[in-house]
*Asks:* 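Below is a structure I'd like to ask you about.
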Amino acid sequence: MYKQTYLQRKALRFRQFKRKGYALFACLGRVVTIGVLSVATLTSASAAIKTFSVVGDSIANTPGDDSPDKEATLDDVEITGSRAPLALGQAARMVTVLSREDIQAAPVQSINDLLKLAVGVDVRQRGPVGAQTDVSIRGGTSEQITILINGINICDPQTGHNTFDFPCDLSDIERIEILEGPAGRVYGTSSLVGAINIVTTSSPKLGEVRRGLNMRMEGGSFGYLSAAGRMAIDVHSLSANYTRSDGYSRSKAGHLNSDYNGFKTFYQGSTTLNSKLSTLHWYAGLTTKGFGSNTFYSAKFDEQYERTTKIHAALQGELTIGKLHVRPAIYWNRGYDRFELIRGSEEKVPFNYHRSDVFGINLNTYFDWQLGRTAMGAEFRNEDIVSTNLGEPLSNPFSHYKVGLNRSNLSFHLEHNILLKRFTLSAGFIAIKNTWNQMPFKLYPGIDASYRIGDHWKVYASYNSSLRMPSFTELYYSVGGHKADKYLKPEELHAVEGGVKYSNHWLTAQTSIFHHHARNMIDWVMDTRDPNAVWQSVNHTKVNTFGQEISLNSKLSTLNFQLSYCHLHQQKQEAAYLQSQYSLEYLRHKVTASLRWSITDYLRLSISYRWQDRMGSYTTVDGEVRDYHPYSVVDARLDWLQDSYTLYLEGNNLTGHRYVDYGNVPQPGCWITAGYAKKF
């Protein structure tokens, strides 16, 4: 996709109108600028803006500055790149925003597939339609990023493999924010190399009526079938989705071993209580799925199977007391996981059962004063697991669960933002204490700065630090050819970054360089010199990552073209005979390109391309060590758009290349999907 611009001409631009048949200004064939409106006028118009599904509806009000530079554009959306909410045009931190328009046009079937199009994100799928996905940022691992829904952390302490079971459907999403680099002072533990925040469609403003029903059905290759629906009634919305596939591979015995079936549902609502507590938001989601995990965890067994269930619930409030803004939240996440090494044969090899519970409560406050905007707050998070093999013996075993573990995390944060006409400075720290291994309070600081040069240029620089606690699997999984170390240390990372951006009404160009210095990095490694070696969880001493990103995005009247490139180089202190599952395998090169062409008012073509070159190797079933090879993938989608319905045809991996992105798990060839979406 593309990097949203930080630099904007300070006037209102009706961007969402120019390619619509009903657009008032469609006949002009260009972006129309309608004078200059004051901040107060734009604020009062926000409800009307939302009815036209404009992505951005919030503004930034710089304290003590009444200059015209404070004027906001309709796409100056509020993002979460800092503790204090800032408009995208003001934020000093790099944030990639995938808008609702990007999501609707992309040739993807899941959120996991959508993230592949972000150049700094590494998406490694072991199965189709998001059966199991590992997502990382800038050479990290899937354990090292924070995943959030509306700012609520949904990371699974058992394993990062299960974190990406999203309860919401693509139709629920307003935008996706990708924060690259350490995000400890913004999102706390686990955000070692970045964070991904999924923002769902907001409730209507006071007095606005929003009702409707959307339904979608699609089917395609390998027995793929999906049906979804979303209903909205005023401040409430409910979505549901069922997806299944026969899979694309079979075991040596001839059985399907990459089949999939899953169901998810997501409800959200809000209410306005009184003049003080402006709004109360809540959501609840459920996702359950079963999938053939063929050779996911062991190349010797090709009929593995796994079933997971996730429950998410959260309650968030927004309270305004004079100049003080208070945002409390409380949340609960529960996960069930059953893994079968030999599918349906518990008598041969016992199944692994896990149940994890996460309870959290956080408070974030901010206020504006003469010297800028200050944010402070705290979070308490308790993580608990009961299992057949992860943890210490339970005093009262029950059901399948014989062992377990409980740990708590307490953090405090403080941040201050200086917001001047052209300069933004954001600095702060987070102090964290975890009960595991009697970890004391540790401080992780960060600072971001940006300066706008003229109307089109912006330079920025940052230093940030963060940490990640080991997952329960890394601490205790010592079965099936694995040996864990329960005394693993937390991972720590310090990063510096600098970049420059140029933006005008039709072109956005950006380049950045960064350096990550990490220590105590956790990985599963195997000593290839020993024929009887097992996978062991270890702390690598040091890992240095050097990287560069370049991106171009051009918007013309009927064309939107994007081209991005990311290069990484890692230096590690490790022996050559060690084979890694994670941190020694990273994308050395990644190129993404996309073209979105509005052929007519009713016909739209979207094409995406990516080329990846991964470092590292894997061992085959026969014991042969193979390097990962570069590969390219071309996806396309053709939409026929009408007011009440949409017909579309998608093709994924059109070249049919059977590439390997995870050892011994070849990906499917060409995948064709056709669909129909109806709006009531």
*Asks:* Would you indicate whether the side-chain heavy atoms of His517 and Lys542 approach each other to under 4.5 Å?
*Replies:* yes
*Asks:* Is a donor from one side chain sitting under 3.5 angstrom from an acceptor on the other, for His281 and Thr279?
*Replies:* yes
*Asks:* How far apart are the C-alpha atoms of Thr200 and Gln268, what are their side-chain angles, what is the distance that settles it, and do they pass the side-chain hydrogen bond (donor to acceptor under 3.5 Å, both in side chains) test?
*Replies:* CA-CA 9 Å; Thr200 59; Gln268 62 178 348; 2.7 Å; yes
*Asks:* Do you see a donor-acceptor pair shorter than 3.5 Å between the side chains of Gln316 and Tyr331?
*Replies:* no
*Asks:* Of all heavy-atom pairs between Val199 and Asn150, which one has the smallest distance, and what is that distance?
*Replies:* CA-OD1, 3.4 Å
*Asks:* A quick test of your reading: do over 12 heavy atoms of other residues, nucleotides or ligands sit less than 6.0 Å from OH of Tyr487?
*Replies:* no
*Asks:* Between Ser258 and Asn294, does the side-chain hydrogen bond (donor to acceptor under 3.5 Å, both in side chains) criterion hold? Intermediate values first, please.
*Replies:* CA-CA 6 Å; Ser258 60; Asn294 54 82; 4.9 Å; no
*Asks:* For the pair Met521 and Thr141, evaluate side chain to side chain contact (heavy atoms under 4.5 Å, CB included) and give the outcome as yes or no after the intermediate values.
*Replies:* CA-CA 10 Å; Met521 300 294 281; Thr141 74; 6.0 Å; no
*Asks:* May I ask you to test the Asp485-Val538 pair for a side-chain heavy-atom distance under 4.5 Å?
*Replies:* no
*Asks:* Could you check whether Gln125 and Asp113, counting side-chain N and O atoms only, form a donor-acceptor pair closer than 3.5 Å?
*Replies:* yes
*Asks:* Does the Tyr187 side chain pair with the main chain of Ala195, one donor and one acceptor, at a distance under 3.5 Å?
*Replies:* no
*Asks:* Tell me whether Ser245 contacts the main-chain N or O of Phe222 through its side chain, where contact means a donor paired with an acceptor under 3.5 Å.
*Replies:* yes
*Asks:* Would you tell me whether Asp172 and Ser239 have side-chain atoms, one donor and one acceptor, within less than 3.5 Å of each other?
*Replies:* yes
*Asks:* Please report the shortest heavy-atom distance between His400 and Thr388, naming the atom on each side.
*Replies:* O-CG2, 3.2 Å
*Asks:* Evaluate Lys402 against Leu394 for side chain to side chain contact (heavy atoms under 4.5 Å, CB included), listing each step before the verdict.
*Replies:* CA-CA 6 Å; Lys402 311 302 179 185; Leu394 295 174; 5.8 Å; no
*Asks:* Rounded to the nearest 0.5 Å, how far does CZ of Phe301 lie from CG of Leu341?
*Replies:* 4.5 Å
*Asks:* What's the verdict on side chain to side chain contact (heavy atoms under 4.5 Å, CB included) for Arg338 and Tyr305, showing C-alpha distance, side-chain angles and the deciding distance?
*Replies:* CA-CA 8 Å; Arg338 184 184 80 239; Tyr305 182 81; 3.9 Å; yes
*Asks:* Checking side chain to side chain contact (heavy atoms under 4.5 Å, CB included) for the pair Leu390/Leu405: CA distance, chi angles, key distance, verdict?
*Replies:* CA-CA 8 Å; Leu390 300 180; Leu405 189 68; over 6 Å; no
*Asks:* Can you name the one residue among Trp282, Phe166, Tyr283 that meets ring-ring contact (aromatic ring centres under 6.0 Å, His included) with Phe266?
*Replies:* Tyr283
*Asks:* Would a 4.5 Å heavy-atom cut-off, applied to side chains only, mark Tyr662 and Asp134 as touching?
*Replies:* yes
*Asks:* Are any of the side-chain heavy atoms of Ile522 and Arg468 separated by less than 4.5 Å?
*Replies:* yes
*Asks:* List the steps and the verdict of side-chain hydrogen bond (donor to acceptor under 3.5 Å, both in side chains) for Thr243 and Asn241.
*Replies:* CA-CA 7 Å; Thr243 302; Asn241 175 289; 2.8 Å; yes
*Asks:* Got a second to check how far Ser142's OG is from Ile137's CD1, nearest 0.5 Å?
*Replies:* 11.5 Å
*Asks:* So, Asp661 and Lys116, do they make that salt bridge, N to O below 4.0 Å?
*Replies:* no
*Asks:* Would you check if the side chain of Glu491 reaches a backbone N or O of Leu192 as a donor-acceptor pair within less than 3.5 Å?
*Replies:* no
*Asks:* Within the distance-only criterion (no hydrogens, no angle test), does the side chain of Asn434 pair as donor or acceptor with the backbone N or O of Arg407 below 3.5 angstrom?
*Replies:* no
*Asks:* Are Arg244 and Asp246 close enough for a salt bridge, meaning some N to O gap below 4.0 Å?
*Replies:* yes
*Asks:* If you measure only the distance, is there a donor-acceptor pair under 3.5 Å linking the side chains of Thr159 and Asn162?
*Replies:* no
*Asks:* May I ask you to establish whether Arg126 and Tyr297 are in a cation-pi arrangement, using a distance under 6.0 Å from NZ or CZ to the six-membered ring centre and at most 45° from the ring axis?
*Replies:* yes
*Asks:* Looking only at non-hydrogen atoms, find the nearest pair between Pro490 and Met469 and report the distance.
*Replies:* CG-SD, 3.8 Å
*Asks:* Does the side chain of Asn464 come under 3.5 Å of the side chain of Arg185 through a donor N or O and an acceptor N or O?
*Replies:* yes
*Asks:* Working to the nearest 0.5 angstrom, can you tell me the gap between Asp156 CG and Ser471 OG?
*Replies:* 9.0 Å
*Asks:* Assess the pair Tyr401 and Tyr353: is the distance between their ring centroids shorter than 6.0 Å?
*Replies:* no
*Asks:* When you measure from the side chain of Ser251 to the backbone N and O of His255, does any donor-acceptor pair fall under 3.5 Å?
*Replies:* yes
*Asks:* If you define the side chain from C-beta out and look only at heavy atoms, does anything of Ser537 sit under 4.5 Å from Leu475?
*Replies:* no
*Asks:* So, Asp384 and Asn406: side-chain donor and acceptor under 3.5 Å apart, yes or no?
*Replies:* yes
*Asks:* Report yes or no: do Tyr444 and Glu492 form a side-chain donor-acceptor pair below 3.5 Å?
*Replies:* yes
*Asks:* Under 4.0 Å between a side-chain nitrogen and a carboxylate oxygen: does that hold for Arg343 and Glu303?
*Replies:* no
*Asks:* In Å, rounded to the nearest 0.5 Å, how long is the span from NZ of Lys433 to CG of Asn409?
*Replies:* 10.0 Å
*Asks:* Once you measure the plane-to-plane angle for His236 and Tyr267, does it fall in the parallel (<30°), tilted (30-60°) or perpendicular (>60°) bin?
*Replies:* parallel
*Asks:* With no hydrogens and no angle check, just 3.5 Å: does a side-chain donor-acceptor pair link Ser293 and Gln132?
*Replies:* no
*Asks:* With a 4.5 Å heavy-atom cut-off, do Arg307 and Thr288 have their side chains touching?
*Replies:* yes
*Asks:* What distance separates Cys168 SG from Glu174 CD, expressed to the nearest 0.5 Å?
*Replies:* 12.5 Å
*Asks:* So which heavy atom on Asp169 is nearest to which on Ser171, and how close?
*Replies:* OD2-OG, 2.9 Å
*Asks:* Please say whether more than 12 non-hydrogen atoms of neighbouring residues, nucleotides or ligands are located less than 6.0 Å from NZ in Lys483.
*Replies:* no
*Asks:* For the atom pair CD1 (Ile173) and CG (Leu114), what is the distance rounded to the nearest 0.5 Å?
*Replies:* 7.0 Å
*Asks:* If the threshold is 4.0 Å, N to carboxylate O, is there a salt bridge linking Arg175 and Glu177?
*Replies:* yes
*Asks:* Gly317 and Leu280: which non-hydrogen atoms are nearest, and at how many Å?
*Replies:* CA-CD1, 3.9 Å
*Asks:* For the residue pair Thr308 and Asp165, confirm or rule out a side-chain donor-acceptor distance under 3.5 Å.
*Replies:* yes
*Asks:* What is the minimum heavy-atom distance between Val665 and Phe296, and which atoms define it?
*Replies:* CG1-CE1, 3.9 Å
*Asks:* Should we say atom CG of Leu324 is surrounded by more than 12 heavy atoms from elsewhere, each under 6.0 Å from it?
*Replies:* yes
*Asks:* Does any donor atom in the side chain of Asn382 or Ser408 lie under 3.5 Å from an acceptor atom in the other side chain?
*Replies:* yes
*Asks:* Has Ser356 got a side-chain atom pairing as donor or acceptor with Ile385's backbone, closer than 3.5 angstrom?
*Replies:* no
